Amino acid sequence: MKKLLAFILILTLSACTFYKKDGIEMKIKNDSSEPITNVEFTTTEKLEIIKIDRIEPNESVTEFLSMRKNKSDGAYSLTFTRASGKKEISGGGYYTNGGSLDHWVDFIVENDTTIVKFDAPIY
């Protein structure tokens with residue numbers, strides 16, 4: 001019985017890992033003193049787009065960007081509008097043959113800059 005339970009647990013964890021293989025988890029933390037709006041995260045191919053209307057100061061949002069339809073090489077792009085009306089674009093990372101090289105990306109929006117962090121490549 002214990003072996004069956006262990007097998008089911010391993011199978012469940014493996015299924016979660018395989019499901020998230022076709023995409024990247026994106027987290028945006030607003031460390032600025034004002035809200036950001038019209039937030040969009042996508043790939044160069046723009047086949048799927050995560051849209052978030054508003055992120056308040058000291059708030060964070062985590063979403064998963066599916067890349068099942070992606071077929072080529074490209075990068076990631078985050079666009080948003082600051083309270084002043086200034087539109088900002090932050091890019092980075094790299095995916096190849098439609099597959100992400102990273103598990104996740106974190107964006108930290110500060111008053112004067114946006115910090116981008118990727119995890120280690122998936123091999």
Side-chain angles (χ1 to χ4, degrees):
M1 185 67 179
K2 288 182 182 181
K3 289 182 181 180
L4 179 62
L5 185 59
F7 176 74
I8 291 172
L9 179 64
I10 290 170
L11 185 63
T12 302
L13 292 174
S14 297
C16 292
T17 301
F18 290 131
Y19 172 74
K20 290 201 169 198
K21 184 171 92 172
D22 294 332
I24 187 166
E25 185 174 272
M26 176 264 330
K27 179 179 178 181
I28 302 171
K29 183 165 185 353
N30 185 359
D31 273 352
S32 72
S33 57
E34 297 179 325
I36 58 174
T37 58
N38 303 318
V39 181
E40 291 186 359
F41 178 71
T42 190
T43 63
T44 305
E45 296 174 88
K46 296 184 181 181
L47 298 172
E48 297 283 334
I49 302 173
I50 294 174
K51 295 183 178 186
I52 304 162
D53 291 331
R54 183 179 181 99
I55 303 175
E56 297 293 334
N58 299 314
E59 184 179 279
S60 64
V61 175
T62 302
E63 298 270 344
F64 183 79
L65 179 70
S66 174
M67 296 174 60
R68 290 176 190 254
K69 299 176 186 174
N70 292 66
K71 300 294 180 210
S72 66
D73 296 358
Y76 304 99
S77 174
L78 173 73
T79 60
F80 62 90
T81 305
R82 291 195 180 264
S84 65
K86 181 181 176 191
K87 185 173 182 177
E88 294 209 12
I89 301 171
S90 295
Y94 182 71
Y95 65 92
T96 184
N97 296 324
S100 180
L101 299 175
D102 302 287
H103 292 100
W104 53 261
V105 58
D106 285 350
F107 294 94
I108 303 168
V109 178
E110 297 181 344
N111 285 328
D112 60 347
T113 192
T114 302
I115 299 168
V116 183
K117 296 180 182 178
F118 287 88
D119 75 331
I122 301 170
Y123 294 111

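Everything numeric here is computed off the predicted structure, so don't read it as measured data.
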Heavy atoms only: give me the nearest Tyr76-Ser100 pair and the separation to one decimal.
OH-OG, 2.9 Å
With Asn70 as partner, the option from Asn97, Thr44, Thr43, Asp22 fulfilling side chain to side chain donor-acceptor pair (under 3.5 Å) is Thr43
For the atom pair CD (Glu40) and OG1 (Thr79), what is the distance rounded to the nearest 0.5 Å?
4.5 Å
Please report the closest heavy-atom contact between Glu45 and Tyr95, naming both atoms and the distance.
OE2-OH, 3.0 Å
Donor-acceptor under 3.5 Å (Asp119 side chain, His103 main chain):
yes
If you take all heavy atoms of Gly93 and Ala75, which pair is closest and at what distance?
O-CB, 3.5 Å
In this structure, CD of Glu56 is separated from OG1 of Thr37 (nearest 0.5 Å) by 10.0 Å
What is the minimum heavy-atom distance between Ser60 and Lys29, and which atoms define it?
CB-CA, 3.9 Å
Between Asn30 and Ser32: side-chain donor-acceptor atoms closer than 3.5 Å:
yes
Are Phe118 and Val109 connected into the same hydrophobic cluster when the rule is that any two of I, L, V, M, F, W, Y join if their side-chain heavy atoms are below 4.5 Å apart?
yes
Phe107 ring center near Phe41 ring center (under 6.0 Å):
yes
CG (Asn111) with more than 12 external heavy atoms under 6.0 Å:
yes
Minimal heavy-atom distance between Thr62 and Lys27, with the atoms involved, is OG1-CG, 3.5 Å
So, taking the atom named CE in Met67 and the one named OG1 in Thr42, what distance separates them when rounded to the nearest 0.5 Å?
9.0 Å
Does a side-chain heavy-atom distance below 4.5 Å link Ser90 with Ser77?
no
Cluster link Val105 to Ile50, ILVMFWY, side chain under 4.5 Å:
yes
Point-to-point distance, once rounded to the nearest 0.5 Å, from CD1 of Ile36 to OG1 of Thr81:
9.0 Å
Identify whether Trp104 and Ile108 are in the same connected component of the hydrophobic contact network (ILVMFWY, side-chain heavy atoms under 4.5 Å).
no
Interatomic distance, Glu63 atom CD to Ile52 atom CD1 [nearest 0.5 angstrom]:
5.0 Å
Do you reckon Leu78 sits in the same ILVMFWY cluster as Leu47, going by side-chain contacts under 4.5 Å, direct or chained?
no
Nearest 0.5 angstrom please: Phe80 CZ to Ile55 CD1, how far?
9.0 Å
